[in-house]
Amino acid sequence: MVSDSLDEIQALRDAALGELASVQDAEALERWRVAYLGRNAPLNQVLSGLGKLAPEQRRTLGQATNAAKVALQEAYEARLAELKARAREEAFARERVDVTLPGRPLAPGRLHPITQVIEECLHILQSMGFQVASTREVELDYYNFEVLNIPPEHPARDMWDTLYVQPPSVLLRAHTTAYQGRMMQELTPPIRILNVGRNYRFEAVDATHEWMFHQIDGFAVDEGLTLADLKGTLTAFAQQIFWPTVRTRFRCDYFPFVEPGVDMSISCHACEGRGGDCPVCRGAGWLEILGAGMVHPKVLQAGGLDPERYSGFAWGMGPERIAMIKYGIQDIRLFYGNDLRFLEQFA
Ligand code: PHE
C-alpha cells in the first residue's frame with residue numbers, strides 16, 4: 001500500500017518534470033506551476049490526506065512527497081531562469097543596432113531663394129543709409145489707398161486687385177507702399193526707409209503672377225531731393241544686385257502717389273540690350289524691374305509734411321522678379337511650390 005503510493009509519487013514527479021522540459025514560454029510555465037505546485041496540485045492533495053494514515057506510513061509518504069515537491073520547485077526555478085535568459089537574448093537580437101554603420105547625414109536647412117535675394121537687396125540699400133521697417137500685412141484701407149492719394153471710388157484702385165478682410169476698411173495690403181503714411185507719422189525727415197514683406201492680391205495665378213508675393217518698398221524724404229537722386233540710387237542698386245555694367249532706363253508711368261511716376265528697366269543680360277530675336281526680353285532689349293517716382297505732394301501733406309519744404313522719392317520692387325531675372329527662372333510659381341529639387345539649387 002505504501003509502496004504503491006511511493007510509486008505514484010515517483011510517477012507524478014517524473015510526469016511533471018517531463019512536461020516541464022517541453023514548456024517554452026512564460027505563460028505555459030505559469031500553467032505548469034499552478035498544476036504541479038499550486039494549492040490543488042496532486043502532491044499537495046497527497047499531503048493533506050496524510051493525517052488519515054498511521055504515523056509510520058505518514059512519515060515515509062510525507063518525506064517522499066516533500067522531497068518530490070522540492071525537486072519540482074527547484075526544476076521550476078531553473079526553467080524560469082532559462083526562459084528569462086532566452087527572452088533577453090531574443091530581445092537583444094531583435095533590438096540589435098549595427099554601430100559600425102555610417103551615420104545618416106543631417107540635411108542642413110538653408111534660406112529660401114527669395115529670402116536670399118531680399119537679404120542681398122537690403123544689404124546693398126542699407127549701405128546707402130536706408131533703414132529697414134517691417135510692417136503689418138493686415139492693413140487699413142486708409143494706409144493702403146487713401147493716404148497714397150487714392151480716395152474711395154477712385155478708378156486707380158483697379159490697379160490693385162485687393163483682398164479685403166473686413167470690407168471696406170480692413171484689407172490684406174496690396175503693396176508694401178502702404179507703410180509710407182505710418183512712417184511719416186513716426187519719423188521726421190530726413191527719412192530713408194525700406195519696407196519689406198508680403199503682399200496679397202486677388203490674382204489669376206500664372207507664370208508671372210502669384211496671389212502672394214514680396215516687395216521691397218523704398219521711401220526717401222528730405223529737403224531738396226530730386227529725380228536725379230532717384231535715378232542715381234536705383235542705378236547704383238541695379239549695378240550691385242545684377243551686374244556692374246547693367247544700364248537702366250526710366251520711362252513715364254502712372255502711380256497715384258508719385259509725380260512724376262516712372263518705371264525702371266534694366267538692359268537685358270541675355271542679348272546685352274540688342275533685342276533682335278532675344279527670347280528673354282522678347283526683342284525689347286530691356287527688362288522692366290520696378291515702379292518709382294517723386295512722392296506726390298498730396299502724400300506728403302497727408303503725412304503731415306510740408307511739400308514746399310520737403311520732397312521725396314519712392315519705389316517698389318519685387319524680389320521674385322529680381323530672382324527670376326538673376327537666375328533665369330521662367331515661372332514664379334516655382335518659388336512657393338515647395339519642390340526641394342528646385343529649392344536645393346540655391347545653396
Ligand atoms: N506700390 C506700387 C505697386 O505695387 C509700386 C510703386 C511703389 C510705385 C512706389 C511707385 C512708388 O505697383
Side-chain angles (χ1 to χ4, degrees), residues 114 118 121-122 125 130 132-137 139-150 154-163 171-184 191-203 208-222 225-235 237-238 248-266 287-300 302-303 305 307 310-322 332:
I114 293 306
I118 288 174
C121 291
L122 295 186
L125 293 164
F130 282 87
V132 179
S134 146
T135 53
R136 62 202 75 198
E137 294 173 19
E139 187 50 281
L140 296 175
D141 180 274
Y142 177 74
Y143 289 105
N144 195 79
F145 288 125
E146 277 191 58
V147 156
L148 297 173
N149 192 27
I150 317 168
H154 193 284
R157 289 197 171 208
D158 291 350
M159 292 168 72
W160 296 272
D161 296 309
T162 310
L163 290 160
L171 45 76
L172 292 177
R173 69 177 172 203
H175 51 177
T176 39
T177 318
Y179 79 128
Q180 291 184 359
R182 293 184 180 277
M183 292 302 114
M184 287 186 286
I191 296 172
R192 281 191 214 91
I193 197 146
L194 306 162
N195 185 25
V196 189
R198 296 187 175 90
N199 306 281
Y200 302 87
R201 292 191 196 169
F202 184 62
E203 283 282 4
T208 51
H209 296 87
E210 264 286 10
W211 60 273
M212 185 288 291
F213 57 95
H214 294 78
Q215 273 184 342
I216 301 176
D217 215 88
F219 185 58
V221 181
D222 201 351
L225 288 181
T226 70
L227 194 63
D229 297 301
L230 183 161
K231 291 173 75 172
T233 303
L234 292 181
T235 300
F237 167 76
T248 52
R249 181 187 73 178
F250 295 84
R251 293 193 303 183
C252 288
D253 200 349
Y254 171 70
F255 300 96
F257 32 89
V258 285
E259 181 58 36
V262 296
D263 69 50
M264 183 181 100
S265 301
I266 58 165
L287 300 164
E288 230 178 274
I289 296 289
L290 56 84
M294 299 306 291
V295 180
H296 199 290
K298 283 195 174 166
V299 173
L300 293 173
L305 298 177
Y310 295 114
S311 59
F313 65 88
W315 79 94
M317 58 191 180
E320 282 87 353
R321 175 131 181 82
I322 293 175
I332 193 172

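Read the numbers this way: they start at 1 and go in the same order the structure lists the ligands and their atoms. As a basis for the values below, the full set of heavy atoms in this structure was taken, side chains included, without hydrogen atoms, waters or symmetry mates.
Both the sub-6.0 Å distance and the 45° axial angle are not jointly satisfied by Arg201 relative to the ring of Phe213.
Ring geometry, His175 versus Phe257: the interplanar angle exceeds 60°, so the pair is classed perpendicular (tilted spans 30 to 60°).
When all heavy atoms of His214 and Pro319 are compared, the pair lying nearest together is O-CD, 3.3 Å. Contact record, Thr162 with Phe202: O-CB, 4.4 Å, taken as the closest heavy-atom pair. Considering every non-hydrogen atom in both Leu230 and Ala314, the closest pair reads CD1-O, 4.3 Å. The heavy-atom pair separating Val196 from Arg173 by the smallest distance is O-NH2, 4.1 Å.
Residue Gln180 has no nitrogen or oxygen atom sitting less than 3.5 Å from a nitrogen or oxygen atom of ligand 1, judged on distance alone. The shortest N or O to N or O distance between Trp315 and ligand 1 is not under 3.5 Å. At under 3.5 Å, a nitrogen or oxygen of Arg201, whether backbone or side chain, sits near a nitrogen or oxygen of ligand 1.
The distance from atom CD1 of Ile150 to atom CH2 of Trp160, rounded to the nearest 0.5 Å, is 4.0 Å.
Atoms of ligand 1 found under 4.0 Å from any heavy atom of Phe257 (numbered from 1 in listed order, with element): 1 (N), 2 (C), 6 (C), 7 (C), 8 (C), 9 (C), 10 (C), 11 (C). Those atoms of ligand 1 that come under 4.0 Å of a heavy atom in Trp160, given as number and element, are 3 (C), 4 (O), 12 (O). Residue-ligand proximity, Gly316 to ligand 1, at heavy-atom distances under 4.0 Å covers atoms 6 (C), 7 (C), 9 (C).
For the pair Gln215 and ligand 1, a heavy-atom separation below 4.0 Å is found.
Counting only non-hydrogen atoms, the option in Ala178, Ala292, Gly318 that gets closest to atom 10 (C) of ligand 1 is Ala292.
In terms of protein heavy-atom proximity, atom 1 (N) of ligand 1 is nearest to Thr177 OG1, 2.6 Å.
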